[in-house]
Number of protein chains: 2
Amino acid sequence: MSEQKQSLMNLLETGATYYLSHISLDCVVFGFHENQLKVLLLKMKDRDKWGLPGGFVRKEESVELAANRVLKERTGLDNIFLQQFHVFSDPDRSNNKDLIESARKTGIEVTEDNWFAQRFISIGFYALVEFSQVKPTADAISDDCTWWDLQEIKSLMLDHNLILDKALETLRLHLNYQPIGYTLLPDKFTMPELQKLYETILGKKLDRRNFQRKITGYGILKRWEERRSGVAHKAPYFYSFDTEKYKQALQEGLDGGW
Amino acid sequence: MSEQKQSLMNLLETGATYYLSHISLDCVVFGFHENQLKVLLLKMKDRDKWGLPGGFVRKEESVELAANRVLKERTGLDNIFLQQFHVFSDPDRSNNKDLIESARKTGIEVTEDNWFAQRFISIGFYALVEFSQVKPTADAISDDCTWWDLQEIKSLMLDHNLILDKALETLRLHLNYQPIGYTLLPDKFTMPELQKLYETILGKKLDRRNFQRKITGYGILKRWEERRSGVAHKAPYFYSFDTEKYKQALQEGLDGGW
DNA sequence: CTGTCATTGCGTTGTTATAACATAATGCAA
DNA sequence: TTGCATTATGTTATAACAACGCAATGACAG
């Protein structure tokens with residue numbers, strides 16, 4: 001028996017003992033690569049359906065801890081920037097039809113009375129991670145785990161499209177009073193890269209010069225003498241976030257809006 | 001046996017059959033009266049502890065529906081403006097010590113294995129209601145249900161202070177891109193009353209004239225010819241919300257910040 | 001009836017933030 | 001060397017905002 005199949009059977013048998021019933025969580029993991037906003041998705045076993053990485057809450061942990069644990073398994077990363085944003089609880093959102101179907105494809109029948117087949121209320125989290133640091137790893141009910149361009153994502157399993165939309169909406173709102181980027185970009189980045197990140201999240205173009213003025217006005221950036229070379233055209237400066245002031249801004253909040 | 005005691009025993013016996021396990025909800029109900037922001041609280045039976053109105057989620061309903069149901073029982077109101085804002089899930093936040101203690105005071109022993117004694121994850125909602133319309137009604141584990149001035153609220157049961165603080169924080173943020181007042185004020189109100197509401201929520205003074213310009217600029221108010229009379233000093237105009245444009249503003253969002 | 005006074009309604013001004021546009025500098029490529 | 005796309009920095013017009021002035025009002029005291 002494959003390791004994955006073993007792990008799934010294990011979940012089905014012991015789920016009820018280790019996890020809280022009725023409660024699940026789903027994570028919208030945002031990354032940024034090649035000037036594109038990416039989302040980490042899992043492909044359901046032997047099916048064409050994709051879905052968000054998710055999991056369950058152990059009997060002794062908080063939902064935040066659970067989300068961290070789940071994402072550690074999917075990305076290899078610790079201490080991910082995580083934010084819960086909504087609870088999805090439509091009674092018809094899931095009897096886990098999709099998950100049960102995927103289990104069946106693995107050769108495991110899930111009965112109606114199984115812990116896995118119950119109604120789940122899902123707590124939505126969004127995560128902002130550094131693309132290059134992530135090692136996408138599938139879970140017990142999935143074949144594949146990869147990044148998707150936000151624009152290319154079509155129909156997802158269950159209500160995951162709804163969850164994704166709500167996550168993006170929330171992220172856009174948070175942009176108005178929170179600095180964003182520290183967890184999404186590499187240590188050193190250029191102004192055009194940071195701007196592109198904002199433009200991608202907001203889904204609209206911004207003026208280069210006004211963007212620069214505004215973002216530097218927050219005082220959370222420090223500029224290096226060094227410039228990016230190798231690419232064509234005038235070399236842009238490298239920037240990094242001033243972690244001290246960044247964290248301060250996270251707590252105290254910014255003012256402006258976009 | 002009292003009706004309340006009967007209802008509590010009923011809950012303890014049938015809770016597991018009708019409600020989802022591990023999931024509860026708590027509501028921070030805001031009202032506005034005599035230029036004060038009020039919060040609806042319940043007094044735990046025969047104890048000095050007060051707490052937020054809360055409840056559980058029936059097996060076939062969404063958490064939003066559950067919150068509406070609970071608040072209908074506590075306030076007599078339907079169609080309350082409700083907003084979920086956070087999930088509280090610290091594993092130590094509650095083994096329902098306070099509720100069990102209150103049940104004991106009623107003369108009911110709750111055993112460790114009872115449905116009531118399990119760990120609960122609570123979904124926080126805030127509600128904005130019209131003070132005068134509310135008929136505060138205690139529940140099975142409480143003695144009393146009344147409005148409290150926000151400033152006078154001291155130590156609450158469990159983590160309810162945390163929940164209250166988070167609700168207020170969220171409300172303040174929402175003020176930046178949502179019109180507020182339609183559900184908190186009577187049909188007709190004056191500009192100073194509306195301003196006082198904003199000032200109370202924000203916890204700071206605003207300039208009369210700038211406030212008027214900004215709020216009328218949203219185009220969600222209509223002014224009556226009529227003025228408030230009887231009170232001393234110059235009579236202020238009455239205003240009402242233009243429900244059409246108000247709802248539109250709720251959906252599309254406002255821009256400014258306070 | 002009359003003057004007082006706190007409050008309301010409407011208006012003005014100076015400052016700051018924002019949007020839109022201009023110009024010079026840079027570094028690779030032809 | 002020149003062309004060109006891109007970056008860095010600067011300027012200007014407009015809109016938003018904060019701070020303040022002043023006349024009108026209406027209950028109240030005398």
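Proteins get letters first, then strands, A, B, ... in listed order; numbering begins at 1 in each.
Every residue two or more places apart in sequence or in another chain that forms a side-chain hydrogen bond (donor to acceptor under 3.5 Å, both in side chains) with B:Lys49 is listed here: B:Ser155.
Residue-environment remark: OH (B:Tyr239) exceeds the threshold of 12 foreign heavy atoms within 6.0 Å.
The separation between A:Lys205 atom NZ and C:dC21 atom C1' is 18 Å, rounded to whole Å. Taking atom NZ of residue A:Lys214 and atom P of nucleotide C:dA17, one finds them 11 Å apart after rounding to whole Å. Rounded to whole Å, the distance from NE2 on B:His233 to C1' on D:dA23 is 17 Å. Rounding to whole angstrom units, NZ of residue B:Lys196 and C1' of C:dT7 are separated by 14 Å. Distance A:Phe211 CZ to D:dA8 P: 12 Å, rounded to the nearest Å. One can place CG of B:Asn210 at 14 Å from P of D:dA16, the figure rounded to the nearest angstrom. One can place NZ of B:Lys204 at 12 Å from C1' of D:dA18, the figure rounded to the nearest angstrom. Here the P atom of nucleotide D:dT7 and the CH2 atom of A:Trp224 are 21 Å apart, to the nearest Å.
At a cut-off of 3.5 angstrom, counting only N and O atoms as typed in the model, there is no donor on one side facing an acceptor on the other between the side-chain of B:Arg213 and the base of D:dA16. A donor-acceptor contact under 3.5 angstrom links the side-chain atoms of B:Lys234 to the base of C:dT8. For C:dG9, the base has a donor-acceptor partner in the side chain of B:Arg208 [N/O atoms by modelled type, under 3.5 angstrom]. Taking only distance into account, the side chain of B:Arg209 meets the base of D:dG21 through a donor-acceptor pair shorter than 3.5 Å.
B:Arg228 comes within contact range of no nucleotide atom at all, as no heavy-atom separation falls under 4.0 Å.
Relative to the side chain of A:Asp207, the nucleotides D:dA18, C:dG9, C:dC21 differ in distance, and C:dC21 lies closest. Taking the side chain of B:Met191 as heavy atoms from C-beta on, and the options C:dC28, C:dG9, D:dA27, the nearest nucleotide is C:dG9. Residue B:Pro236 places its side chain closer to C:dG9 than to any other of D:dC20, C:dG9, D:dT9.
In the model, B:Ser122 has a side-chain atom that pairs as donor or acceptor with a side-chain atom of B:Ser24 under 3.5 Å.
The shortest distance between the side-chain N/O atoms of B:Gln212 and the OP1/OP2 oxygens of C:dT8 is not below 4.0 Å.
A salt bridge between B:Lys204 and B:Glu199 is absent, with no side-chain N of the basic residue lying under 4.0 Å from a carboxylate O of the acidic one. Salt-bridge annotation for A:Asp26 and A:Arg93: present, with a side-chain N of the basic residue lying under 4.0 Å from a carboxylate O of the acidic one.
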